[in-house]
Number of protein chains: 2
Amino acid sequence: MQDIQHYIQENKDKFLTELLDLLRIPSVSADSKFKADVRKAAEFICEKLKTAGADSAEICETAGFPIVYGEKIIDAALPTILVYGHYDVQPADPYELWNSPPFEPVVKEEKIYARGSCDDKGQVYMHLKAFEAMMATNTLPCNVKFMIEGEEEVGSDNLGTFVKSNKEKLQADVILISDTAIIANDIPSIDVGLRGLSYMEVEVTGANRDLHSGVYGGAVANPINVLSKMIASLHDENNHISIPAFYDDVVELSGEEREAMAKTPFNLEEYKKDLDIDEVRGEKGYSTIERASIRPTLDVNGIWGGYIGEGAKTVLPSKAFAKISMRLVPDQQSDKITELFTKHFESIAPEGVKVKVRAHHGGEPYVTPTDSIAYLAAEKAMEESFGKKPVPTRGGGSIPIVALFEKELGLKTVLMGFGLDTDAIHSPNEHFGLFNFYKGIETIPLFFKYFSEESSK
Amino acid sequence: MQDIQHYIQENKDKFLTELLDLLRIPSVSADSKFKADVRKAAEFICEKLKTAGADSAEICETAGFPIVYGEKIIDAALPTILVYGHYDVQPADPYELWNSPPFEPVVKEEKIYARGSCDDKGQVYMHLKAFEAMMATNTLPCNVKFMIEGEEEVGSDNLGTFVKSNKEKLQADVILISDTAIIANDIPSIDVGLRGLSYMEVEVTGANRDLHSGVYGGAVANPINVLSKMIASLHDENNHISIPAFYDDVVELSGEEREAMAKTPFNLEEYKKDLDIDEVRGEKGYSTIERASIRPTLDVNGIWGGYIGEGAKTVLPSKAFAKISMRLVPDQQSDKITELFTKHFESIAPEGVKVKVRAHHGGEPYVTPTDSIAYLAAEKAMEESFGKKPVPTRGGGSIPIVALFEKELGLKTVLMGFGLDTDAIHSPNEHFGLFNFYKGIETIPLFFKYFSEESSK
């Protein structure tokens with residue numbers, strides 16, 4: 001692999017410049033005012049796939065944002081790796097908390113600051129450049145396909161249809177995704193588990209109009225007070241979720257598994273210090289790592305109602321809203337949890353209010369077998385590039401489509417991510433280390449090499 | 001009083017046209033972007049006082065918005081009525097719920113639709129026009145002073161200083177305010193009680209930045225979940241406020257008083273129908289009228305935190321906020337309640353979050369003696385203009401300055417308002433009936449007449 005690593009060293013600056021161009025495109029899929037930019041990002045990816053050496057690359061229309069597909073087939077007899085990623089990003093607000101504009105990337109202290117720098121444009125781009133490097137040095141050891149979507153941050157609503165109707169085209173031996181994190185730059189790790197997701201939006205309505213809190217206050221249900229009570233009741237005093245049957249399908253880990261997990265390098269004091277909190281808070285009876293990986297959760301992601309402007313307004317509002325999401329673990333099913341939540345939330349609405357519940361999107365939890373060829377190849381690749389054997393970890397995040405791929409394509413996924421939990425993805429000042437960006441580009445060709453070797457055994 | 005009522009009939013259209021001009025000025029005191037407009041409204045009032053015949057009218061600067069002062073002294077030996085009102089208005093948002101723009105007044109079905117049409121520009125303007133009518137027909141029976149402020153909707157922060165430093169100038173025998181409602185157009189009433197107010201803003205902070213709910217969810221305190229729990233805990237299962245010592249100073253009414261109150265014309269079914277609610281909700285053991293008048297309350301007026309935009313964002317927010325106000329009754333004191341709330345709210349904050357509490361503004365509760373000359377004069381005036389004796393009622397709203405006037409000027413206040421509880425003040429589509437506007441203009445001179453007569457006895 002001499003030439004390829006040499007090629008990567010030679011082109012570092014070019015790779016970075018290109019990524020910054022991609023990061024300048026505000027491809028926020030959740031906000032319709034960025035519609036045109038999301039498409040622009042798709043075109044950018046498509047173009048780069050072609051110039052990197054793909055046989056073909058196309059923009060595949062969907063009912064929502066397009067999916068970029070590209071491929072390089074060198075020999076039908078060889079194994080095929082399907083790379084998945086997404087070019088859309090999370091909304092960047094609150095803008096005022098960014099030290100530099102989210103869509104004007106800057107490199108500071110060896111880090112790239114921009115929305116999407118890590119999640120997931122930066123990590124997608126590692127794959128495009130690794131592919132370019134393998135092509136340029138004639139070292140691509142197998143076939144490769146790329147499927148880069150633009151709706152991951154809003155639930156991949158149209159990916160399912162695309163996958164179902166393109167099973168032929170998407171045939172492969174494994175799916176490779178870089179949309180997760182390693183424990184630290186000197187502690188490489190591979191996600192072997194993901195949590196599922198149910199994302200709900202609720203609306204509580206009291207009176208048919210905003211009222212004067214002096215005239216009606218105390219006599220009519222206040223939807224904010226009521227919503228607060230309803231949300232509060234969703235956890236008991238042990239921070240156990242109180243939705244009936246919520247835990248029915250949760251797979252409890254064995255004592256051995258929990259012991260193994262407890263060995264994962266983790267420093268609670270540093271964790272608290274980084275977040276500036278005096279204490280962690282979660283489900284009683286579980287460690288912080290467990291709470292964030294093997295246990296389901298319920299979090300309010302947003303709440304609003306009444307007067308939220310400057311100053312004071314004595315209004316008794318007509319409506320209050322909240323976005324509430326639940327992280328799921330094996331063997332919970334998103335649809336079932338969504339239904340349990342809806343039934344329960346409607347059932348706890350007191351007299352005097354009307355409640356509406358709707359589901360935004362969901363995804364199923366997933367686990368990767370650590371004895372699979374794909375996992376072993378990823379392990380070898382990282383061990384070689386990091387000089388250290390990676391630790392298998394259970395991530396808390398959700399990549400709903402991983403379960404979809406297994407169901408529709410019968411393919412396992414390897415989650416070989418290169419970000420860090422401290423990269424502030426989904427937050428102001430999201431960033432991605434140059435070390436991580438380049439390390440990814442170096443490691444990916446090694447995965448291709450070892451996966452091909454292992455497969456041919 | 002023939003000529004004066006004649007003058008009023010003759011000038012109805014002119015009065016209305018002028019009021020509509022005043023309503024076109026978006027004098028929102030809570031929102032700094034309307035700063036210039038608030039001042040414009042002050043100048044408008046000042047100008048109209050002069051043209052109506054005041055000896056003098058001036059714009060008195062304060063640390064905030066100016067106070068318009070004007071007077072007509074016909075004979076120092078005669079009694080003096082001090083008219084108070086405010087030219088600032090509540091914020092008009094949410095704009096999308098207005099059937100016509102809040103600052104483009106329209107007259108529909110005998111009602112004036114505009115922000116401030118009732119609260120309080122419309123009611124203030126009744127006084128200006130009643131004054132004009134008395135001047136034009138030489139029937140002003142006593143001295144009159146006007147003090148019209150521009151910060152009532154944001155807590156009258158600078159009125160106290162003004163009153164304290166102008167006691168001489170403000171000397172009078174009674175204060176007359178029209179900023180309340182009658183029960184119905186065929187059931188005149190006079191407010192003899194007002195609730196006080198403590199208005200708080202709270203901020204709950206979890207981690208020092210927004211986090212990915214997948215990576216940290218379940219392991220770190222979610223400020224929205226925590227705030228909801230804290231708000232929920234402020235009422236017990238009987239909707240009794242659970243802040244320690246909160247009820248200590250509440251004056252419980254006697255059985256007789258409650259019986260008398262129960263006689264107030266009130267139709268619960270119509271009330272629920274008007275608000276489109278299946279059930280009322282309030283403190284156990286009290287009627288709807290009692291809950292909205294003689295009992296203190298705690299309402300969240302606004303709440304916000306996390307992602308409240310379009311679509312879904314899986315964020316674990318760093319902060320959550322709420323505006324919470326409490327309506328107070330005799331003998332609760334605003335400062336004391338503010339302190340009790342602050343102490344309690346800080347004390348219930350769980351580990352893992354930081355809580356900030358600040359007070360916006362407050363006001364003391366107030367009761368008008370029904371055997372006072374001023375009350376009797378108002379009663380006679382309304383009985384004559386409405387053809388029906390007015391009912392004494394306890395209003396739920398707060399006009400904090402009423403208690404201030406008693407303390408600083410030693411003056412009682414008569415709350416002779418002409419609005420309706422259904423006028424949607426503080427709400428979209430605020431309106432004021434033409435019947436009410438003109439009835440006010442007709443009634444006010446009668447109050448002047450009877451108050452002068454009673455005083456000279």
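Numbers restart at 1 for each chain; the letters A, B, ... are given by sequence-line order, proteins then strands.
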Asker: Under the ring pair (Phe, Tyr, Trp, His ring centres under 6.0 Å) definition, can you give me all pairs with a residue in residues 299-324 of chain A, not counting sequence neighbours?
Answerer: A:Trp304-A:Phe321
Asker: First locate atom NZ of A:Lys229, then atom CD of B:Glu237, and finally report the distance between them rounded to the nearest 0.5 Å.
Answerer: 8.5 Å
Asker: Please report the interatomic distance CG(A:Asp31) to CD(B:Glu310), rounded to the nearest 0.5 Å.
Answerer: 5.5 Å
Asker: For the interface with chain B, which of A:Gly309, A:Gly155, A:Pro91 has the highest count of heavy-atom pairs at distances below 4.5 Å?
Answerer: A:Pro91
Asker: Quick check on the interface: out of B:Pro350, B:Pro296, B:Ala424, B:Ala312, who has the most heavy-atom pairs with chain A under 4.5 Å?
Answerer: B:Ala312
Asker: Do you know which of B:Gly282, B:Ser287, B:Ala221 has the most heavy-atom pairs under 4.5 Å to chain A?
Answerer: B:Ala221
Asker: Check whether B:Ser32 gets within reach of chain A through its side chain, its backbone, both or neither, counting any heavy atom under 4.5 Å.
Answerer: both
Asker: Specify which of B:Asp299, B:Leu316, B:Leu211, B:Leu298 makes the most heavy-atom pairs with chain A at under 4.5 Å.
Answerer: B:Asp299
Asker: Side chain, backbone, both or neither: which part of B:Thr288 has an atom under 4.5 Å from a heavy atom of chain A?
Answerer: both
Asker: CD1/B:Ile224 to CD1/A:Ile324 distance, rounded to the nearest 0.5 angstrom?
Answerer: 9.5 Å
Asker: Give the member of B:Gly311, B:Gly306, B:Gly206 that has the highest number of heavy-atom pairs under 4.5 Å with chain A.
Answerer: B:Gly311
Asker: Would you name the heavy atoms of B:Ala292 and A:Ala219 that are closest together and state the gap between them?
Answerer: CB-CB, 4.2 Å
Asker: Is A:Thr297 in contact with chain B via its backbone, its side chain, both, or neither, using a 4.5 Å heavy-atom distance?
Answerer: side chain
Asker: Go through A:Glu290, A:His235, A:Arg295 and name the one with the most non-hydrogen pairs under 4.5 angstrom from chain B.
Answerer: A:His235
Asker: Looking at B:Val280, B:Asn239, B:Leu227, B:Asp278, which has the largest count of heavy-atom pairs under 4.5 Å with chain A?
Answerer: B:Asp278
Asker: Looking at A:Thr205, A:Ile289, A:Asn222, A:Asp119, which one has more heavy-atom pairs under 4.5 Å with chain B than the rest?
Answerer: A:Asn222
Asker: Who among A:Pro223, A:Ser325, A:Pro428, A:Gly352 has the most heavy-atom pairs with chain B under 4.5 Å?
Answerer: A:Gly352
Asker: If you round to the nearest 0.5 Å, how far is CG of A:Asp210 from CD of B:Glu430?
Answerer: 12.5 Å
Asker: Heavy-atom distance under 4.5 Å to chain A: side chain of B:Lys313, backbone, both or neither?
Answerer: both
Asker: Do we see a donor-acceptor contact under 3.5 Å between the side chains of A:Thr314 and B:His426?
Answerer: yes
Asker: Tell me whether B:Arg209 is salt-bridged to A:Asp274, with the criterion being a basic N under 4.0 Å from an acidic carboxylate O.
Answerer: yes
Asker: Is there side-chain contact between A:Ile308 and B:Ile303, with heavy atoms separated by less than 4.5 Å?
Answerer: no
Asker: Please flag which part of B:Pro94 lies under 4.5 Å from any non-hydrogen atom of chain A: side chain, backbone, both or neither.
Answerer: side chain
Asker: Check whether B:Glu283 gets within reach of chain A through its side chain, its backbone, both or neither, counting any heavy atom under 4.5 Å.
Answerer: backbone
Asker: Are A:Gln90 and B:His212 side-chain neighbours, meaning at least one heavy-atom pair lies under 4.5 Å?
Answerer: no
Asker: Name the region of B:Pro317, side chain, backbone, both or neither, that has any atom closer than 4.5 Å to a heavy atom of chain A.
Answerer: side chain
Asker: Specify which of B:Ile425, B:Val154, B:Thr180 makes the most heavy-atom pairs with chain A at under 4.5 Å.
Answerer: B:Ile425
Asker: Is B:Lys354 salt-bridged to A:Asp276, going by a charged N under 4.0 Å from an acidic O?
Answerer: yes
Asker: Using a cut-off of under 4.5 Å on heavy-atom pairs, state which of A:Gly217, A:Ala207, A:Ala322 scores highest against chain B.
Answerer: A:Gly217
Asker: Compare all side-chain heavy atoms of A:Ser427 with those of B:Val315 and state whether any distance is below 4.5 angstrom.
Answerer: no
Asker: Using a cut-off of under 4.5 Å for heavy-atom pairs, which of A:Leu97, A:Val353, A:Val220 has the most such pairs with chain B?
Answerer: A:Val220
Asker: Is the shortest heavy-atom distance from the side chain of B:Asn301 to the side chain of A:Ser213 under 4.5 Å?
Answerer: yes
Asker: Examine whether an atom of B:Asp93 lies under 4.5 Å from a heavy atom of chain A, and if so say whether it belongs to the side chain, the backbone or both; otherwise answer neither.
Answerer: both
Asker: Distance check, rounded to the nearest 0.5 Å: B:Arg281 atom CZ versus A:Glu351 atom CD?
Answerer: 9.0 Å
Asker: Heavy-atom distances under 4.5 Å only: say whether B:Tyr286 touches chain A with side chain, backbone, both or neither.
Answerer: neither
Asker: Given heavy-atom pairs under 4.5 angstrom as the criterion, report whether the side chain, backbone, both or neither of B:Val226 touches chain A.
Answerer: side chain
